[in-house]
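Every number for a ligand or one of its atoms is a count from 1 in the order of the listing. Count residues from 1 along the sequence.
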Amino acid sequence: MLKDIDHILISEEKIKEEVSKLGKELSQIYKDKNPLLICTLKGSAVFYADLIRSMDIPLELEFIRTSSYGNGTNSSKNIQMDAKGVVDLKNRHVILVEDIIDTGNTLKFLKEFFYSVGVADFKTCVLLNKPSRREVEIEADYICFKVPDEFVVGYGLDFAQKYRNLPFIGVLKEKVYKK
Ligand code: IMP
Ligand code: MG
């Protein structure tokens with residue numbers, strides 16, 4: 001797996017540091033709010049697991065599934081969402097946890113959905129921001145890292161479902177996805 005990585009963009013240590021900083025900040029802001037942290041599977045799973053453990057206030061977990069990429073490296077506007085079995089979101093303080101905001105289509109779709117079900121408050125928190133590829137006007141409320149326009153994998157992010165278990169964020173060798 002490592003042989004497919006061109007270089008490490010963000011080290012395991014640096015990720016740990018930023019995620020724990022964000023967890024502390026959210027703990028301050030959401031003290032007494034019993035926030036509902038929503039993990040968007042599968043890309044956010046690793047980030048989410050670390051983020052919730054860096055928070056020291058009462059909170060609740062929920063999971064949804066989204067997908068927009070096929071097995072390629074180009075995002076699509078056709079967002080699929082599965083939120084079956086999710087608790088009643090009315091009047092909840094929702095924090096959506098995403099792996100990356102790229103074109104912005106996924107986040108825009110989710111934002112519209114959550115507002116339509118009557119949440120008290122909705123904030124988005126992303127590990128990575130790739131602003132150079134934005135197609136719709138949207139920003140996340142909390143961002144750990146800005147990344148250049150390169151396809152990244154690791155720490156939950158995949159290419160064709162692989163590389164999610166790498167502990168760092170790395171850039172994939174071009175020959176891997178241009179095959
Ligand atoms: P968006 O809708 O284009 O903002 O991106 C939505 C999804 O595309 C993200 O949640 C990721 O799952 C995926 N994605 C975007 N850029 C990358 C990348 O560089 N590596 C892996 N997945 C990515
Ligand atoms: Mg995703």
Polar proximity ligand 1 side, Val152 side, N/O cut 3.5 Å exclusive: yes
Polar contact flag for Leu107 and ligand 1 (N/O pairs, less than 3.5 Å): no
Residue selection (non-hydrogen contact nearest atom 2 (O) of ligand 1) among Thr66, Ile169, Leu110, Thr106: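 Result: the heavy atom closest to atom 2 (O) of ligand 1 is in Thr106.
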Selected option - heavy-atom contact closest to atom 9 (C) of ligand 1, from Ile79, Ile100, Leu41: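 Among Ile79, Ile100, Leu41, the closest heavy atom to atom 9 (C) of ligand 1 comes from Ile100.
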May I ask whether [X] has any heavy atom positioned less than 4.0 angstrom from an atom of ligand 1?
| X | answer |
| --- | --- |
| Leu157 | yes |
| Lys130 | yes |
| Asp158 | yes |

Lys16 atom NZ, over 12 foreign heavy atoms within 6.0 Å: no
Asp99 side chain to Tyr155 side chain, donor-acceptor N/O pair below 3.5 angstrom: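 No pair is found: no donor N or O on one side chain lies under 3.5 Å from an acceptor on the other.
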Donor + acceptor pair across side chains of Gln80, Ser67 (<3.5 Å): no
Positive for salt bridge (charged side-chain N to carboxylate O under 4.0 Å, His left out) with Lys21, one of Glu17, Glu18, Glu25: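 Considering Glu17, Glu18, Glu25, a salt bridge (charged side-chain N to carboxylate O under 4.0 Å, His left out) with Lys21 is found only for Glu18.
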Partner of Glu139 by salt bridge (charged side-chain N to carboxylate O under 4.0 Å, His left out), out of Lys123, Lys146, Lys111, Arg134: Arg134
Glu98 neighbourhood, listing ligand 1 atoms whose heavy-atom distance to it stays under 4.0 Å: 10 (O)
Sole candidate of Ile169, Leu107, Leu128 that passes side chain to side chain contact (heavy atoms under 4.5 Å, CB included) when paired with Ile100: Leu128
